[in-house]
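Please see the structure below; I have some questions.
All heavy atoms count here, side chains included; hydrogens, waters and symmetry mates do not. Proteins come first, then strands; the chains are lettered A, B, ... in the order of their sequence lines, and each starts at number 1. These numbers come from a predicted model, not from an experiment.
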Amino acid sequence: MNIQERKEKWRAVVAKNIARSPERMEKFLTTSSIEMERCFTPGFEYPGYEEQLGFPGEYPYTRGVQPTMYRGRFWTMRQYAGFGTAKESNERYKYLLSAGQTGLSIAFDLPTQMGYDSDAGMSLGEVGKVGVAIDSLADMEVLFDGIPLDKVSTSMTINSTAAVLLCMYIAVAEKQGVSADKISGTIQNDILKEYMARGTYIYPPKESMRIITDIFAYCKDNVPKWNTISISGYHIREAGSSAVQEVAFTLADGIAYVDAAIKAGLEVDEFAPRLAFFFNAHNNLFEEVAKFRAARRIWAKIMKERFGAKDPKSLMLRFHTQTAGCTLTAQQPDNNITRVTIQALAAVLGGTQSLHTNSRDEALALPTEDSVRIALRTQQVIAYESGAADSIDPLAGSFLVESLTDQIEKEALEYIEKIDTLGGAVEAISRGFQQKEIQDSAYAYQKAIEKETLIIVGVNKFTVKEPPPTGLLRVKEAVEISQKASLAAMKGGRDEAAVKAALVTLEAAAKSTDNLMPSILVAVKAYATLGEIADVFRDVFGKHIETVVL
Amino acid sequence: MAERMIRILVGKPGLDGHDRGAKIIARAFRDAGFEVIYTGLHQTPDQIVAAAIQEDVDCIGLSILSGAHNTLLPRVCQLLKEKSAEDIKVFGGGVIPEDDIPGLKAAGIAEIFTPGTSTADISGWVRDNIQPRA
């Protein structure tokens, strides 16, 4: 069958899809009334077209995971936000939803991410700083007050303590009258990249992997619309990796999670459809587009050939993208708007399912409301004005982009093979392999900037003298005081016997091989704090000590 | 006798896991000819000060991106003073707003380097401002 005949078959499938949910417009036209085809294809022989590119929504998904992509509906515009108290963050979420944002993305403060209550010694100075402080279900109730959890999908950037936060979310939904099978969202829950790049790990790898597979197993039966992990290359890239390393190390982590879940007794097609990914959109436009396309193709092949997955949803690499925070400059911060635009465009041309655009002032502080609005508007301009969303995988067939896609695939597969020979991602991380690779790239990048072989506008070229920036967002130190006070008040009003009983049951579960989720859910409903729950696990599982490689 | 090398402790106070900067600066210091000890993540001010004294360093470089700098950096200086080790100079870097710098300097931090500073500038500052302690 030649490409045109295959395309006819694909069209027939798409037509059925469109009958169910129509595209945004009947026809997509340029300013000159030239029609934008849904998916352009070569009008000539293209050896390997079907195996390497195929059609949107079809294996190997190089051209996208859905048959209509943004012609059906735009990507989800999802701005990561949260700071201070639950009440302040709740107000920011309501503002973002009213400004046209279509999903929530929760930033938690570091104590919450590390399993410490706001009154713990380790939390000193950190409460409410980089995200919202959550000590117990009481804070979670305030955080989602007035936000219907059956209507919004919520992404939570939480890893070591993901099981606890997910249980709190389930409990809040229940109080709203929304059952667990109706809620949708994502927990990041990707511990491997924490050991490698992001740093908010608590327990050793083996125990962390057990918590993660418990979440997979629990959600498959009870929270079927939840994305149970977001396997993240974002932070690997932020730590300084190259695009190839980002893809390779992320997919190697993905392989480790699939292996662990299968070992825990799950069938691949039972959980693989709920695996999601999270990538970075960096500066090099074409390399980034090629990276997203290569990642989809590699993952589809891995799932099919290595794991024998049959459900097409298991083969699809769906991903969230965030523009690269590490490219933002403190100098001439308005230039960051331009960087973010190019990066966001790369994500869209690369077929992302959702997108966070960074704000111009993030090299200086948390973003102000004005900056966040510009960042969201950047996505809206790309969506509604640029035409980039009107034809699927628009850079396909570009000699440059196809060649880059092939090359990224090849080099990433070489890394994955290397990690396999080291015994897999978990073992390679414990030896510091990925960390060393990332650090070498980061150091080379910094040296290139200092030698001026890499130009950063406003930093090592086109510099100006500028006054210090004004109007930055500051998290009040008072947050720590008020958060401690409300924690103390909550503890004063709860049923201590119930908390104690729940924690004893939890400890027993941790020592057994039972799924942890039901006992965590009981504990959060009894208003046991995040720190109390994490302490139980710290006692049973121990703490992870990093392998420092310099 | 050859002059003793400058010994630097690079520390990551607080809970943030962003160690790209800390590791780059540690490596740049080593390439610049200093002796470097890196603490790893999630260090309390007490742990940092204990390590600095035990390792007999000449200065401490603290990298922090969590926003907790106004609490944690002065605490390191205060603890050094309590241990009569205030001759160990402390400097810092990270996402630290300009407005916070005067307060940090008043609390005893010798210098703050903000995003975009080159490693060569920081190494130069160390060479100009830190002497190996007797």
Side-chain angles (χ1 to χ4, degrees), chain A residues 83 109-111 113-114 116 121-130 194 197-201 235 238-240 325-326 328-331 362-366 435 438-440 442-443 445-447 449-450 456 458-460 463 467-470 472-475 477 480 545-550, chain B residues 10 12-31 36-47 63-76 93-103 113-124:
Chain A
F83 59 90
D109 73 354
L110 286 162
Q113 296 186 46
M114 292 289 294
Y116 295 113
M122 286 299 287
S123 303
L124 185 69
E126 308 276 17
V127 177
K129 284 280 160 53
V130 302
E194 297 294 330
R198 191 170 171 275
T200 67
Y201 44 74
H235 318 88
E238 287 293 296
C326 61
L328 301 178
T329 65
Q331 294 73 20
E362 290 186 65
L364 301 161
L366 287 187
Q435 295 92 313
I438 295 166
Q439 281 161 39
D440 285 348
Y443 197 57
Y445 187 88
Q446 179 64 25
K447 285 280 147 201
I449 292 172
E450 296 187 11
I456 307 294
V459 175
N460 61 2
T463 54
T470 52
L472 298 177
L473 183 116
R474 304 190 70 95
V475 178
E477 302 295 332
E480 190 158 325
I545 310 291
E546 82 177 297
T547 320
V548 176
V549 207
L550 275 185
Chain B
V10 173
K12 276 291 300 171
L15 296 176
D16 87 274
H18 300 101
D19 56 5
R20 177 178 181 165
K23 286 175 167 173
I24 284 179
I25 197 68
R27 202 150 153 183
F29 283 157
R30 204 173 56 192
D31 288 357
V36 184
I37 298 118
Y38 170 55
T39 62
L41 296 173
H42 312 147
Q43 301 295 301
T44 61
D46 292 88
Q47 288 170 319
S63 168
I64 184 161
L65 289 90
S66 71
H69 49 269
N70 286 336
T71 308
L72 298 176
L73 268 49
R75 180 90 188 116
V76 170
V95 178
I96 297 172
E98 292 279 341
D99 290 355
D100 291 349
I101 295 175
F113 301 98
T114 51
T117 311
S118 81
T119 59
D121 287 351
I122 303 172
S123 294

- Task: Can you see which heavy atom on A:Gln331 is nearest to which on B:Gly116, and at what distance?
- Result: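 So the minimum-distance heavy-atom pair works out to NE2-CA, 3.9 Å.
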- Is the closest basic N to carboxylate O distance between B:Asp31 and A:Lys447 below 4.0 Å?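 Result for this pair is no, no salt bridge flagged.
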- Item | Top contributor to chain A contacts, counting heavy-atom pairs under 4.5 Å, from B:Ser118, B:Gly21, B:Pro45 |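 Most pairs with chain A among the choices: B:Ser118.
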- Task: Answer yes or no: is there a side-chain heavy-atom contact under 4.5 Å between B:Asp99 and A:Arg474?
- Result: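 Side-chain contact under 4.5 Å: yes.
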- Under 4.5 Å from a heavy atom of chain A, the part of B:Asp121 involved: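 Nothing of B:Asp121, per the 4.5 Å heavy-atom cut-off to chain A.
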- Query: Which of the residues B:Ser66, B:Pro115, B:Gly67 is involved in the greatest number of heavy-atom pairs with chain A at under 4.5 angstrom?
  - Reply: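 Among B:Ser66, B:Pro115, B:Gly67, the one with the most close pairs to chain A is B:Ser66.
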- Looking at A:Val459, A:Leu364, A:Ile449, which has the largest count of heavy-atom pairs under 4.5 Å with chain B?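 Among the listed options, the one with the most contacts to chain B is A:Leu364.
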- Test: B:Arg20 cationic atom under 6.0 Å from A:Tyr445 six-membered ring centre, within 45° of axis: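 B:Arg20 over A:Tyr445 ring: yes.
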- Message: Measuring from atom CG of B:Asp19 to atom CD of A:Gln439, what distance do you get when rounded to the nearest 0.5 angstrom?
- Response: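 Reported to 0.5 Å precision, the distance equals 7.0 Å.
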- Query: Counting heavy-atom pairs under 4.5 Å to chain A, which of B:Ile96, B:Thr119, B:Val95, B:Leu65 comes out on top?
  - Reply: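 So the answer, after comparing B:Ile96, B:Thr119, B:Val95, B:Leu65, is B:Thr119.
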- In terms of heavy-atom proximity below 4.5 Å to chain A, should B:Ala120 be classed as side chain, backbone, both, or neither?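 Both the backbone and the side chain of B:Ala120 come within 4.5 Å of chain A.
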- Which value, rounded to the nearest 0.5 Å, describes the distance between A:Met114 atom CE and B:Leu41 atom CG?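 One gets 8.0 Å once the value is rounded to the nearest 0.5 Å.
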- Query: Where on A:Leu124 is there a heavy atom nearer than 4.5 Å to chain B: the side chain, the backbone, both, or neither?
  - Reply: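 Contact with chain B is through both the backbone and side chain of A:Leu124.
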- For chain B, find which of A:Gly121, A:Gly240, A:Pro468 contributes the most heavy-atom pairs closer than 4.5 angstrom.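 Answer, by heavy-atom pair count under 4.5 Å with chain B: A:Gly240.
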- Aromatic contact, B:His42 with A:Tyr116 (centres under 6.0 Å):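 No, they do not, as the ring centres are separated by 6.0 Å or more.
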- Interchain contact, B:Thr44 with chain A, by part (heavy-atom threshold 4.5 Å):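 Looking at B:Thr44, just its side chain touches chain A.
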- Query: Taking it one step at a time, do B:Thr71 and A:Glu480 satisfy side-chain contact (heavy atoms from CB on, under 4.5 Å)?
  - Reply: CA-CA 12 Å; B:Thr71 308; A:Glu480 190 158 325; 5.7 Å; no
- Item | Heavy-atom contact with chain B under 4.5 Å, split by part of A:Glu238 |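 A:Glu238 touches chain B through backbone heavy atoms alone.
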- Examine whether an atom of A:Glu126 lies under 4.5 Å from a heavy atom of chain B, and if so say whether it belongs to the side chain, the backbone or both; otherwise answer neither.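 Interface part for A:Glu126: both.
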- Where do A:Asp440 and B:Lys23 land on the salt bridge (Lys or Arg N to Asp or Glu O under 4.0 Å) test, with the steps shown first? CA-CA 10 Å; A:Asp440 285 348; B:Lys23 286 175 167 173; over 6 Å; no
- Item | A:Pro469 to B:Glu98 - nearest heavy-atom pair and separation |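 Shortest heavy-atom separation between A:Pro469 and B:Glu98 comes out as CD-CG, 4.4 Å.
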- Message: Can you tell whether the side chains of A:Arg198 and B:Asp16 come within less than 4.0 Å, N to carboxylate O?
- Response: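 Here A:Arg198 does not pair with B:Asp16 in a salt bridge, since their nearest N and O are not under 4.0 Å apart.
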- Task: Examine distances only and state if a side-chain atom of A:Gln446 and a backbone atom of B:Ile24 form a donor-acceptor pair shorter than 3.5 Å.
- Result: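 Looks like no, no N/O pair under 3.5 Å.
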- Closest contact, heavy atoms only, A:Gly125 versus B:Ala68: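 Scanning both residues completely, I find the closest heavy atoms to be O-CB, 3.0 Å.
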- Give, for atom CD of A:Glu546 and atom OG1 of B:Thr39, the distance between the pair rounded to the nearest 0.5 Å.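 The CD atom of A:Glu546 sits 8.0 Å away from the OG1 atom of B:Thr39.
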- Message: Using heavy-atom distances under 4.5 Å, tell me whether A:Phe83 contacts chain B through its side chain, its backbone, both, or neither.
- Response: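 The answer is neither part of A:Phe83.
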- Query: What part of A:Met122 gets closer than 4.5 Å to chain B, counting heavy atoms only: side chain, backbone, both or neither?
  - Reply: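 Looking at A:Met122, backbone and side chain both touch chain B.
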